[in-house]
Number of protein chains: 2
Amino acid sequence: MSITIKDIAKFAEVSTSTVSLVISGKGYVSNDTREKVQKIIDEYNYKPLRSAQQLASSQTGNIGFIISDIHLSRSEAFYSRILLGAELEARNHDMYILLSTVGAKIDIPHGVPRFLNNHDVDGIIIAGSVPVDLVYCIRDLKIPTVLIDYRVDGVDFDSILMDNRNGVQQIINHLISNGITKIGFVGGSFYHPSIKERFEGYQIALVNNNLGHIAQNEDYHYLIDYETSVECGDRGLAILLKKVPELEAVICVNDTTATGCLQYLKRIDKSAPKDIKVTGFDNVNFSAFTNPPLTTVNVPKVQMGVEGLKLLIDRIQNGISVHQTRLIPVELVVRESTFLTDTNND
Amino acid sequence: MSITIKDIAKFAEVSTSTVSLVISGKGYVSNDTREKVQKIIDEYNYKPLRSAQQLASSQTGNIGFIISDIHLSRSEAFYSRILLGAELEARNHDMYILLSTVGAKIDIPHGVPRFLNNHDVDGIIIAGSVPVDLVYCIRDLKIPTVLIDYRVDGVDFDSILMDNRNGVQQIINHLISNGITKIGFVGGSFYHPSIKERFEGYQIALVNNNLGHIAQNEDYHYLIDYETSVECGDRGLAILLKKVPELEAVICVNDTTATGCLQYLKRIDKSAPKDIKVTGFDNVNFSAFTNPPLTTVNVPKVQMGVEGLKLLIDRIQNGISVHQTRLIPVELVVRESTFLTDTNND
DNA sequence: TAATAATGTAGAAACGCTTCGATATTATTA
DNA sequence: TAATAATATCGAAGCGTTTCTACATTATTA
């Protein structure tokens with residue numbers, strides 16, 4: 001039917017093993033032979049059949065990407081950008097990504113993504129929080145795994161994290177250097193490590209600036225809702241302002257929550273930055289288009305996906321023994337929700 | 001290493017071919033034998049190796065899912081719900097989904113999703129609009145293909161569409177039966193067929209209600225922006241109200257755009273439904289949480305993914321000759337952005 | 001009851017690749 | 001210069017399935 005490695009070998013007048021070596025780049029092949037074979041391959045646009053490669057090499061060429069369905073459909077493109085980055089890098093290694101969403105509750109072992117039980121992946125990426133039972137299950141499977149924007153205490157995985165604490169510190173320095181000190185925090189519960197880290201960054205930065213009394217004062221903190229959402233921000237700022245009417249700024253755990261704060265301000269006929277400074281986190285695509293545009297922290301989402309896949313490939317191919325954590329730097333993006341400026345800051 | 005079909009055959013004291021027949025459910029196997037073999041399979045938790053199956057059967061067991069990167073990251077979980085549905089149904093057929101995003105421009109044939117050139121999929125789902133060149137390319141490849149929420153004039157594919165015209169008609173009937181007639185439309189350009197259909201539905205419904213003059217009056221229509229977005233709705237309603245101050249209702253092409261209208265109303269110190277009725281379309285997850293909650297049209301997104309995959313499987317397995325279009329019914333969801341009610345309508 | 005059809009099972013040949021030796025040639029070292 | 005190492009190529013085995021063919025056995029039909 002289609003053209004096979006045998007055909008190429010015949011046309012190039014070499015053995016199939018030589019063709020295979022040329023394709024994989026392994027072993028010894030003379031330059032002359034390599035070029036001759038490559039020319040034939042190109043001429044016939046030959047692509048080795050994946051299933052045959054897989055069967056012979058006992059590698060699947062697939063990466064399993066696990067994400068909670070909530071994250072995928074609610075988190076405003078944050079995780080889908082990570083997926084995008086992973087896919088981008090997967091192409092460079094000629095691998096495919098098998099996507100699987102998981103619910104908040106899954107029963108082990110029947111409810112786990114199929115590719116786990118079926119041995120259909122060479123490695124796994126977990127993006128964002130998933131049920132811990134699943135994490136334990138995957139650890140026991142001993143499949144190479146990388147966590148992106150997630151970690152589980154007591155489980156030692158390679159991971160890609162963003163520097164949440166530093167990001168919030170940048171925000172706080174930005175506020176304090178402009179004379180703002182009465183700074184509140186609106187977030188979600190600590191079900192996700194990033195939320196916890198952002199709040200910790202908030203507390204540390206305040207303490208470092210001799211504002212420990214605010215860092216400790218629960219009136220300044222709204223950390224109740226399980227999921228972060230627009231409504232969470234709306235409700236959160238309302239409650240904070242009731243307790244602390246003199247609040248000067250509110251740091252939101254992410255851009256979505258910050259949108260909620262802006263919404264609340266508008267409802268009570270106030271606005272940022274005039275009455276109160278509002279900041280977000282993540283720099284998702286809509287954050288430049290809120291009214292006013294959000295000061296936030298840019299998280300290189302696509303790059304996190306790329307790095308995650310690179311790390312995973314590294315482990316699959318080289319089986320490095322010690323687990324790595326890569327902390328991705330983040331960067332303050334100043335827009336008008338904190339201070340009106342003349343300079344255009346994109 | 002792992003357990004193979006040979007092991008199962010040995011333990012069950014049958015041939016490998018019999019085991020294979022039991023697994024696939026094809027051919028003739030006596031009940032006794034079937035049960036005996038199945039018991040062994042279960043006992044050892046045996047799963048056939050995909051690559052071997054694929055090689056022997058020359059089927060990949062994969063479905064390619066193509067979506068524009070804009071759709072994936074901007075369209076508020078609409079398309080990711082479709083993806084979810086497709087994945088759900090893929091599981092029932094023990095197939096995997098290979099996801100590929102494409103940009104607004106791609107060069108044929110090098111920029112097309114890899115799985116096309118590499119013969120790594122048995123069929124393709126295209127969700128939402130993609131470059132037409134890609135559609136032509138896929139047609140020429142003669143791979144079974146299903147379009148979901150998209151169509152291209154002159155290309156005959158199986159497709160899953162939603163009943164956009166009927167949805168808008170339901171909205172208009174809802175408005176008119178409550179005495180509202182001065183109804184505007186805010187949408188995007190017609191790059192996507194659904195946008196065009198929704199506008200057509202708007203016009204048809206008006207004509208049917210003896211409101212043809214409004215259907216024809218361009219002052220009532222904002223159809224400029226390429227992408228539908230919050231800003232598009234904000235800007236659109238502003239312009240409409242300038243031209244038609246007595247406007248009573250605005251039908252938005254989707255929930256995102258409707259959100260923009262609500263935003264604009266708030267800015268000019270007006271609100272829905274008091275000053276003007278606002279409706280959306282799609283019923284995405286946030287539409288129940290806007291302020292006020294949006295009257296909209298529910299589109300069964302997950303079901304569309306499921307149906308798309310079913311149709312695709314049908315074509316792959318049975319090679320049905322005539323192309324099918326399945327029109328998915330939609331349903332009006334009345335919330336408070338049109339009329340304040342006593343009844344709770346979820 | 002004899003011929004035919006349906007049912008049930010097994011053996012072995014693919015499927016298209018990778019990789020392990022084996023062998024031959026060339027380069028390097030002692 | 002002889003022994004060894006590095007380079008280059010090939011043939012063939014093997015990866016774990018599916019499926020074709022052959023051969024029995026049992027059920028159905030004339």
Side-chain angles (χ1 to χ4, degrees), chain A residues 1-38 40-41 44-62 93-96 117-120 122 316-317, chain B residues 1-38 40-41 44-62 93-96 117-120 122 316-317:
Chain A
M1 196 73 51
S2 216
I3 194 162
T4 74
I5 200 172
K6 273 190 190 165
D7 301 317
I8 300 296
K10 197 163 59 188
F11 296 143
E13 296 173 309
V14 295
S15 71
T16 61
S17 20
T18 301
V19 177
S20 178
L21 294 177
V22 169
I23 292 169
S24 66
K26 294 180 190 168
Y28 296 112
V29 183
S30 72
N31 276 336
D32 285 0
T33 309
R34 180 182 309 280
E35 279 166 24
K36 184 174 61 179
V37 171
Q38 190 60 53
I40 304 282
I41 289 177
Y44 288 89
N45 190 30
Y46 164 71
K47 312 270 183 192
L49 191 74
R50 261 175 117 59
S51 49
Q53 287 183 307
Q54 292 170 194
L55 180 58
S57 68
S58 58
Q59 295 229 317
T60 69
N62 297 328
H93 300 274
D94 199 27
M95 304 191 88
Y96 284 115
N117 288 328
N118 294 10
H119 309 291
D120 285 333
D122 298 331
I316 291 171
Q317 290 178 349
Chain B
M1 198 71 50
S2 216
I3 195 161
T4 75
I5 199 174
K6 275 189 190 165
D7 301 318
I8 300 296
K10 197 165 59 188
F11 295 144
E13 296 172 312
V14 295
S15 71
T16 61
S17 25
T18 300
V19 177
S20 179
L21 293 176
V22 169
I23 292 169
S24 67
K26 294 177 189 167
Y28 296 111
V29 182
S30 72
N31 275 337
D32 285 359
T33 309
R34 180 182 310 281
E35 279 165 24
K36 182 173 64 178
V37 171
Q38 191 60 53
I40 303 282
I41 289 177
Y44 288 89
N45 190 30
Y46 162 72
K47 311 272 183 189
L49 190 72
R50 242 162 191 278
S51 48
Q53 286 184 307
Q54 292 171 194
L55 180 58
S57 68
S58 58
Q59 293 227 321
T60 69
N62 297 327
H93 301 273
D94 199 27
M95 303 191 89
Y96 283 115
N117 287 327
N118 294 10
H119 311 290
D120 284 334
D122 299 331
I316 290 171
Q317 291 179 347

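Here is the naming used below: chain letters follow the sequence lines, and residue numbers restart at 1 for every chain.
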* Phosphate contact (D/dT9 OP1 or OP2) by A/T18 side-chain N/O below 4.0 Å -> no
* To do: Verify, without hydrogens or angle tests, whether B/T60 (side chain) and B/D122 (backbone) share a donor-acceptor contact under 3.5 angstrom.
  => yes
* To do: Start with the C-alpha distance between B/Y46 and B/I40, add both sets of side-chain angles, then the distance that settles side-chain contact (heavy atoms from CB on, under 4.5 Å), and finish with yes or no.
  => CA-CA 8 Å; B/Y46 162 72; B/I40 303 282; over 6 Å; no
* Would you indicate what B/I5 reaches in the nucleic acid, counting non-hydrogen atoms under 4.0 angstrom: base, sugar-phosphate, or nothing? => base
* Asked: Under 4.0 Å between a side-chain N/O of B/S30 and OP1 or OP2 of C/dT9, yes or no?
  -> yes
* Does a salt bridge link B/D94 with B/R50, judged by any charged N lying under 4.0 Å from a carboxylate O? -> yes
* To do: Return the value, rounded to whole Å, for the distance between atom CZ of A/R34 and atom C1' of D/dA8.
  => 11 Å
* Asked: Are OP1 or OP2 of C/dT9 and a side-chain N or O of B/T33 less than 4.0 angstrom apart?
  -> yes
* Establish, from distance only, whether the side-chain atoms of B/Y44 and B/D7 form a donor-acceptor pair under 3.5 Å. => no
* **Length of the CD-P vector between B/Q53 and C/dG16, whole Å** => 17 Å
Contacts table for residues 8-15 of chain B: side-chain donor-acceptor under 3.5 angstrom, sequence neighbours left out:
{"residue": "B/S15", "atom": "OG", "partner": "B/S17", "partner atom": "N", "Å": "3.4"}
{"residue": "B/S15", "atom": "OG", "partner": "B/S17", "partner atom": "OG", "Å": "2.8"}
{"residue": "B/S15", "atom": "OG", "partner": "B/T18", "partner atom": "N", "Å": "3.3"}
{"residue": "B/S15", "atom": "OG", "partner": "B/T18", "partner atom": "OG1", "Å": "3.2"}

* Asked: Do A/S17 and D/dG11 share a donor-acceptor pair, side chain to base, under 3.5 Å?
  -> yes
* Does A/K26 make a side-chain N or O approach to OP1 or OP2 of C/dT19 shorter than 4.0 Å? -> yes
* Asked: Taking atom types as they are modelled, is there a donor-acceptor pair under 3.5 Å from the base of D/dG11 to the side chain of A/S15?
  -> no
* According to a strict under-4.0 Å criterion, is B/S51 in side-chain N/O contact with OP1 or OP2 of D/dG16? -> no
* Structure fact -> Sorted by position of nearest nucleotide on DNA chain C, 5' first, the leading residue of B/E13 and B/A56 is B/E13
* Asked: Is the phosphate of D/dT19, meaning OP1 or OP2, less than 4.0 Å from a side-chain N or O of B/Y28?
  -> no
* **Proximal nucleotide (of C/dT18, D/dT17, C/dG16) relative to the A/L55 side chain** => C/dG16
* Which residue lies more 5' along DNA chain C, comparing B/A52 with B/G27 via nearest heavy atoms -> B/G27
* Asked: What's the CG-P distance between A/D32 and C/dT25, to the nearest Å?
  -> 17 Å
* Using atom CD of B/Q59 as one end and atom C1' of D/dT19 as the other, report the distance to the nearest whole Å. => 13 Å
* To do: Rounded off to whole Å, could you give me the NZ-to-C1' distance for the B/K6 and D/dC15 pair?
  => 9 Å
* State the OG-CD distance between B/S24 and B/Q53, to the nearest 0.5 angstrom. => 9.5 Å
* To do: Only counting residues at least two apart or in another chain, list the ones meeting side chain to side chain contact (heavy atoms under 4.5 Å, CB included) with A/A52.
  => A/L49, B/L55
* Specify the angle, to 10°, made by the local axes at the two ends of the helix from C/dT1-D/dA30 to C/dA30-D/dT1 when five pairs are taken at each end. => 20°
* Nucleotide D/dA8, atom C1' - distance to CD of A/E35 in whole Å -> 15 Å
* Rounded off to whole Å, could you give me the CG-to-P distance for the A/N31 and D/dA8 pair? => 8 Å
* Structure fact -> Looking only at heavy atoms, the pair that brings B/V19 and B/I5 closest together is CG1-CG1, 3.5 Å
* **Spacing of B/L21 atom CG relative to D/dT21 atom C1', expressed in whole Å** => 13 Å
* For A/T4, report the nucleic acid contact type (base, sugar-phosphate, nothing); a contact means any heavy atom under 4.0 Å. => sugar-phosphate
